[in-house]
Structure formats: C-alpha cells, structure tokens
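Only one structure is covered here, and it is reproduced in the block below.
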Amino acid sequence: MDKTFEPKSIEQQCYQKWETSGMFKASGHGDPYSILLPPPNVTGSLHMGHGFQQTIMDALTRYHRMKGDNTLWQVGTDHAGIATQMVVERQLNAQGKTRHDLGREAFVEKIWEWKAQSGGTITQQMRRLGTSPDWDREVFTMDDERSEAVTEVFVKLHEEGLIYRGKRLVNWDPVLHTAVSDLEVLNEEEAGHMWHMRYPLADGSGELVVATTRPETMLGDTAVAVHPEDERYQHLIGKDIKLPITGRLIPVIADDYVDPEFGTGCVKITPAHDFNDYDMGKRHALPVINILTADAKINDEAPQAYRGLDRFDARKQIVSDLEASGHLVKIEDHKLKVPRGDRTGAVIEPFLTDQWYVAVESLAKPAIDAVESGEIRFVPENWNKTYYQWMHNIQDWCISRQLWWGHRIPAWYDEQENIYVGRTEAEVRAKHNLAADITLRQDEDVLDTWFSSALWPFATMGWPNDTTELETFLPSSVLVTGFDIIFFWVARMIMMTKKFTGKIPFKDIYITGLIRDENGDKMSKSKGNVLDPIDLIDGIDIEALVSKRTSGMMQPQLAEKIAKRTRKQFPDGIQAYGTDALRFTFAAMASTSRDISFDMNRVEGYRNFCNKIWNASRFVLMNTEDADTGREGGDMELSLADRWILAQFQQTLKEFEAALADYRFDIAAQVAYEFTWNQLCDWYLELTKPVLNSDASTQAQKRGTRHTLINVLESTLRLLHPFMPFITEEIWQKVAPLSMVGTSGHSVTTAAVNDAAQQSIMVQPFPAQDTSLQDQQVLSDIEWVKRFIVGIRNIRGEMDISPNKPLNALLRNVSEQDSRRMKAAQPFIDRLARLESITVLNAGEQAPASATALVGDMEIMIPMAGLIDKDAELSRISRAMEKVEKDVSRTRGKLNNDKFVSNAPDAVIEKERGKLDEGEKQLAKLKEQFETISAL
RNA sequence: GGACGCUUAGCUCAGUUGGGAGAGCAUCGCCCUUACAAGGCGAGGGUCACUGGUUCAAGUCCAGUAGCGUCCACCA
C-alpha cells in the first residue's frame, strides 16, 4: 500500500464494479426500505445541496442494504419546465433568434436535443459521489409512463370537479409570458414612492386625494374606495369622480377593507391589476378594465398617448402629465414589497387570464390528518408547524403555464370554445360523440412542473398500473429534502398520493439544513461563492476556478470583484480531497440547525481522517499479512487491550446506530471518528505493539492480538462504509481475506448478484451488536491504564523530558485492584509510558523528591534527581491544586446545603459524596508533594 | 402583522428526561518514536447574548429584553 491515501486512483474503477455487478438493486428479501430521490433538473449539474442530501440518502441506503433490508433507492430526473426552457431560449438568443422564430414544435425538439446532450451530467456526477441508487429504474418526469400518470391524474381530478378552468387574476411573468403560482413569486422590500393624486368630483363640488404606489394603473381605475365610517368622506360616498387623463366617471364606494389611517384614507380601485382591488370589484360589481398587454405594456384601452409604453415608462409619463395638469399633490418615499418572478426577477403583474386550477381544499384535509395523526413524521419535528400553517391557509393551485416545455394539458376545444377533457383526442371524441368533421384543438398550455413532481411517489412505481413495486415500496421510508420545498413539493406529494393511492407517500420527512458559504451567505452565481462538490473531490487550480465562477454571468460587471475574492480565498486553488472526505464532511455537518456554513477546514480534517484510516490499515496489514490471524483456528488468547477494543467497538456501534435511527448523522459521524482515531489508532494499535513485538508473548497471545486487530479493523470498515464507501471498499478488499469474513457463511447479497459481488463490502452485513462483548471490567481496567500512561506523559510534557528518555517510576498507596491491573498491564505501560522500571514503595517508606501523578488513590512518582525543574513542578502542582480545590469547595457547599441533601435523589448525593472524598484525598497528596518539593 | 429559528472557546458547531461546560479547526510547547508530519505527545482558552423567575440544582424549563436570520400574509 502507498504511504498516503490517493482517492483518485481507486474511486472510479471501484464504482464501475459496483454498478455493473447489480448490487444497487433491491435484494427482494428482507423488510422493504426505500427512498425517493428528489428528482434534480435533468439538464442541471450537481451543487452542494445535492451533494449533501444525496450523501445522506446514500448513507441510509447503504446502511439498510447492509442491515439486510430489501432496499431501493429510486432515482429519476425532472424536466424542470421553466428553468430548462429558459436555458435553451438563452442559447437561441445568443444566436440572435427567439423561440418564436423556430415555432413550438421545433423549439421543443431543440430542448429534447439539449436534454440528450447535457441530461447525463448530473447523474454522472452522482456516480462520482458514490451514490447507490438502482440506475436501471431511472425515470424522467416526461417519459411515457410518467406522462401517462400525469394525464390520468388530470383527467380523474377533472372528472371529480377538482380541476377547473377559470378566468381570474393570476401572477403573470411578463418576461416569460406565463402565469406562475403564488409560491413562485418572491416579495422583496424595495425602495419606491407613494404618489398622492387629486381626483376631482364629476359635479365640480370638490375633490379627494388618493395615494398609490402604482400611478400608471389609474388608467384602469373603476372606483375610489373609502372606509364606510370615515367621517371625512361620508358626503362623497355614492358620488362620481371624473378620472383625470381618461375622463371616465367612476364612483366613490364604501368598503371596510380600506384603512382610514393609511395614506389619505382614499384608495383607487383597479380590479384588473391588483388582487385586493379585484376582490373589492367583485363585491361591488365594478367593471374590470385591463390596461396591459401580455408583456406588460399599455394596451389600447388607454388613451392613444400611452399605448405601447412599458408600464414603467407609462408611469413616468402619467406622473408628469398629472403634474402638468395640477393633479399631482406630492410624492413621498415609500418602502414596499415588490413581487418578482423567482426565475426571471421580473416584476410580476396581476393579470386577468383563463387558467387551470386544482381545488385543493378537499385534498388538503387528509394530508393534514396524515401528519397530525403521526402517520407521517417531520424530522426535526417542528417543521410540521410550517406545514400546518400553509396547509390550513392553502389556496387553489394554478397549474397551467404558458410555456412550451412540459406536459401538455389534456383538454381540447371545439370552435365554440367548448372544453373537453380526456386522455386522448380519440377518447374525447368517443366520449362526447363528436363527429370526425368537428375540429378540435388541444389546449396550448403545459402543466406546472410541480404537478408531475407531486405524483413522484407513485408514478415512479408504475402507477396507474398495479405493480409489485407500488405494493412493496410505497410508502417509502423517508424523504430527505430541504425546507425550501415543503410547500412546492412535500405537501403536494402528500395530497396527491393520499388521493390516488390512499397511502401516505413516505413515513418520515427528514428536513436538512441549507448549505451556505463560510460566512453563512447563500451560495449563488451572482455572489460568486459557489463551490462545486466535484471540485472538492478532484481539486481545481485557481485559474480554472476563477473562470468557472465568472463565466456565463447575468451581471458581468461583478466578475472582477468575484475573481479578486476567489483569488484571495483560494490562492492555490482547491486541493483534491476525494469523495469520502467530502461525504464524511456532509454527514458530520448534518446537525439539526437549518443553516449550515460550509467550512473548507473540515473537509481537510476529514481528508486527514481518510489518511489516518489508510495508515492504520497499513499497520494492521503489515502485522497480519503472511501471519497467523486465527482464521484457520488455533489457540488464541486475547489481551486486556484486545478485549477492551472489542468492548469499545460495541459501545460505538450502539451509539452509531442509535444516532442513525434519529437521523443524527453528525453524531454518528462524530462517534465513528472518535472511535477510529482516538480509541483504535491512538490507543489500541499502540497497545498491540508490546504483544506483537515481544519475544515474551506466546503464539496464542500473538494470534489473539492479530485476530482482534484484523477483525476489529474489518468491522470498523463496515461501520464506516455507509459514509465512506470508496476507501472502505479498497481497504476491505485486502483485509477481508485475513479476517473471519466468509467463514460464518452469511451475507446479505441477493441471489441474482454474481459471485464477483460477494467480494464487496457493500453487500456484507452491518456489524452486529453483541452485548456479551461489552465487558465493563475491561473498560475500566484500560481506563486505569490510560490514566497511568497519561499521568507520566503529562509529567514529561510539563517538565520538558524527552519522550525518548526511559524513566523509573515509583508507586505509593497501591491497592489490591491497582496491583491486579499492574500485573495485567505492565507491558503496555512500560512501552507506552516508556518506563524502565516500576517500583512499589512499602507503606511508610520514604520517597525521594518526585514529580507526581495520581491515578485514583495511587501515586505515581518520577524521582526528580537530574530531571526536573523545581519551579516548573511547583507551578504544575499548584495549578492542579487550584483545579481540585475549586471542585471540592463547590461540592462541599452542595453537601452542606440541607435542601440539597433532602431533595436531591440519593444517587446524585452519593456521587457528590464520592467526589468530595476523592477530591480531598487528592488535595492532601498534592499538598504533601508541594511541601516536599518546596523543601528542596 | 403571524409563525419558526439562532446567540456556548479565536472560527465552525455539538450539548438527550435539569445533576461535574465538549469536539474539530486555529493557537502555544516538545518530538522526524519502524502505520501515519495529511502525524505523535502535552498545554492554554468560555460571565453558555442580557434580565428576572421556577428549582436543592438552569447552557438546558418559564417570562421578558436585545441582536441576527428564515418563512407566510400584507396597507393602496
């Protein structure tokens, strides 16, 4: 084995072996365990959020597969209507063309070409991440079967009256020329103005002043509203206003929606261009005058002078015209929420159009019940509040989009605009007895992408057909996703899956945090702080990184700043850390917090961890290859250390599995890391050396230690495998033949998997918990040994004694237990503390001036002669005394408190008493030492 | 306006049903000891945001304050 771990050399070939051998398939036996991959955009590429969530899903998948479950990770991609259409449109624009130049059919053809070309990117990147979904079951939201499901759901909901077509105000994106749902509109506070405008009464008897943030909409005003009890305006209610510029007459109406305190207390009402005004218009039967075109220019309803102007140019014009005619009272600065499309950033216009809607109220009820009853569980739990809050106020869902890329709506119109909904045109004709000479045209619109996503849990399992997969893998075990799509996706899946299968879509919803940059900022192209998981795996030089971050930008003027910052943060580019280090980092960061600042230092730390595993394995292999590890039998004697590491491993295993059951991947990672590095490497490997390297050890002892060494390593690799698939596989290949693997003859592999697959760690059983190995006596014995060794190391460190210099130790106040432990552990102590001799002093025997360490009541003394700096030792002792004193006085205070003694549980009091006793003894000894040394 | 979250070591974060403040990284000292310098051994470092309450006992429970953040709704 090489001296350092080189991830690049093993990962790709290892993955290929896994994939081709069929080990990613559900085994067909055991309890079903399944996870749905939230389908990424088919033409997208992997970002940190994907890497994070997919690591978690893969860890769960690999863990359950090893546990012997019938494990399926269902994979697929999403057509991502708006996003994908925009990408291809932008490519066309670069050639000076628009999609309209091509026409719908040719444009859609172009998108399919783009999909064919770049559609594999993200799934290839998932492979780099080591994910293990069943690739043979990969689906696409617009493939034939998923499209069939979409049509089926649409038609059925329509038959039940739960999908309807209606003319309403919608959120209109004037750049995309499509309606979007409420969720796709972002309301950000922006600086704007409030214009106060004079509206004269038609009879010339006076005027009122309205305040508005959108003066241009006055062209479509059809009323002015005041509060019914507003005394200032009582006399005006019912009168007519003569609208400036257009000269139209509009009434003054009373409606308690108006807040008399705000603005002037008079509100201009524009039903066609404001949601609240629209409602009020309905209440008062006001006319609805639409003044905008689909690209948000003034239309022909307005006076000639304004026609064709963009709404913001029209605003300027109208304000200046009102000012000229004396109708403008004042302009105030005003902060307001501006609605913008989440894709385009364009200001969204409320716009009156015909759209398709899902009536969600009846679907929401069972979906709420499913969470309230506990059938579906959010993790962390408090996300259910977010869910309830939205579900209880849910509005009908606008599902039609005026795009070309997506599922075409299965509705047809005849020449009289009658609507027919059906699976196909033929079905529609048959059902409604429409003669062949009646021309039908299909609805031009496509469905919201989230409509097909909502069907994911059952559409991926073959619905509407009755399949064994539906029976076996629905509901899935857990959904792993971010809180940003609870409404978009999670809620809608619950509604649709309940509706069409009667089942819940998944049992647990594990909501991950959002990965942010090292400053806690969201990663975005325009901020130039995006990290690509693949770059962390393979590394990237600074020039490539800068050009990646600054190319294809929407705002090229930011490029320079971004380049500068990038060069500062990564002067030497990014190192290649490898997949396992990245995955382990993701796992270790998956705590309960909702924002996760990604810290490059941690990746480096976990890369070092990989190297640690690598080198520990080298050590084990050096000592077990070509040696007798007990695989073929033979006498074995396990040392104290051997039994200790087995007990420690069991403890770790238990905590690890408990953490996974709670989706606490951070704890699981922490526990595994701590065991591997701080127990296995720092102590156990060192403790094997005295056995293996000593001529005094018997064959049985050496065999026992080698046996333990190789098998604990083998088990540890299996423990770590769900997080670190590659390095564990690579090492396991060398370790397994020396260990007991295969000798007991059981494996979780499916019968369909070929023999080569048997040679993989990923289909080995996960380590089994075995309480008989959790020997408390052994654990505390080694605890004692560690304290002994650390005590001496401590003296060395403080006294600047070289670790190489052999020392002679004296012991005083040695109990029977101490003697027993000494006997069992002396070779360990001699080696690790580098002692030349250990002498036990008899009671009353005079000790020379020494530096001292305490292990319980026992004193370890290193005679000072020629070694020790007196002042240093004195300051060391007084520091120790201070610590103990602080503890003792606090404990004594507690025990002197009657209320504590009478109220606290006995166990707690006992513990405190023991602590006090121990502390006082220690203090006495420290004092004695201090005096001895002072006297020198 | 409503809901939710955060504030613990220089940095990034853990801290279960209340019972002796932890990890990684960074810092300081010693060490190329035959697995590993991407390493070993040791050390220093915290008024747990603030105020009050409950309790024998509060980082942990309750109330309030301040700062930061997210989501939802929205007054033209």
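Naming: A, B, ... by sequence-line order, numbering from 1 per chain. We use all heavy atoms of the structure for the numbers below, so side chains are in, but hydrogens, waters and symmetry mates are not.
To the nearest angstrom, C1' of B/G39 lies 9 Å from CG of A/Asn615. One can place CZ of A/Arg594 at 4 Å from C1' of B/G5, the figure rounded to the nearest angstrom. Atom CD1 of A/Ile394 and atom P of B/A3 are 20 Å apart (whole Å).
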Report all interatomic pairs (protein N or O, nucleotide N or O of nucleotides 13-15 of chain B) with separations under 3.5 Å.
from: B/C13; atom 1: OP1; to: A/Ser597; atom 2: N; distance (Å): 3.4
from: B/C13; atom 1: OP1; to: A/Ser597; atom 2: OG; distance (Å): 2.9
from: B/A14; atom 1: OP1; to: A/Ser591; atom 2: OG; distance (Å): 2.7
from: B/A14; atom 1: O3'; to: A/Arg664; atom 2: NH2; distance (Å): 3.2
from: B/G15; atom 1: OP1; to: A/Arg664; atom 2: NH1; distance (Å): 2.8
from: B/G15; atom 1: OP1; to: A/Arg664; atom 2: NH2; distance (Å): 3.2

Could I get a table of every N or O pair under 3.5 Å where one atom is in the protein and the other is in nucleotides 40-43 of chain B?
from: B/G40; atom 1: OP1; to: A/Lys612; atom 2: NZ; distance (Å): 3.0
from: B/G40; atom 1: OP1; to: A/Trp677; atom 2: NE1; distance (Å): 2.6
from: B/A43; atom 1: OP1; to: A/Asn794; atom 2: ND2; distance (Å): 3.2

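Residues A/Phe656 and A/Phe723 place their aromatic rings such that the two centres sit under 6.0 Å apart. The aromatic ring centroids of A/Trp390 and A/His392 lie 6.0 Å or more from each other. Taking the six-membered ring for Trp and the full ring otherwise, the centers of A/Tyr606 and A/Tyr577 sit at least 6.0 Å from each other.
Side-chain N/O atoms of A/Lys689 include one lying less than 4.0 angstrom from OP1 or OP2 on B/A35. OP1 or OP2 of B/A76 sits under 4.0 Å from a side-chain N or O of A/His334. Side-chain N/O atoms of A/Lys337 include none lying less than 4.0 angstrom from OP1 or OP2 on B/C74. At least one side-chain nitrogen or oxygen of A/Asn608 sits closer than 4.0 Å to the OP1 or OP2 atom of B/G39.
Remark: A/Asn187 pairs with no residue by the side-chain hydrogen bond (donor to acceptor under 3.5 Å, both in side chains) rule, at least two apart or across chains. Taking A/Asp682 as the reference, A/Asn678 meet the side-chain hydrogen bond (donor to acceptor under 3.5 Å, both in side chains) condition, with sequence neighbours excluded.
Taking the side chain of A/Lys894 as heavy atoms from C-beta on, and the options B/G69, B/G20, B/A37, the nearest nucleotide is B/G20.
Sorted by first then second residue, the salt bridge (charged side-chain N to carboxylate O under 4.0 Å, His left out) pairs that include residues 880-889 of chain A, not counting sequence neighbours, are A/Asp887-A/Arg890.
Looking at A/Arg664, A/Lys654, A/Glu655, A/Glu657 one by one, the single match for side-chain contact (heavy atoms from CB on, under 4.5 Å) with A/Val671 turns out to be A/Glu655.
In this pair, A/His334 and A/Phe262 present their aromatic rings perpendicular. The plane angle is above 60°, beyond the 30 to 60° band.
Using a 4.5 Å heavy-atom cutoff, the side chains of A/Ile511 and A/Phe378 are in contact. Side-chain atoms of A/Glu910 and A/Asp906, non-hydrogen and from C-beta on, never get closer than 4.5 Å to each other.
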State the dot-bracket string of RNA chain B. Criteria: Watson-Crick or G-U wobble, both atom distances under 3.5 angstrom; notation: ( ) intrastrand, [ ] crossing earlier pairs, | interstrand, . unpaired. (((((((..((((.....[..)))).(((((.......))))).....(((((..]....))))))))))))....
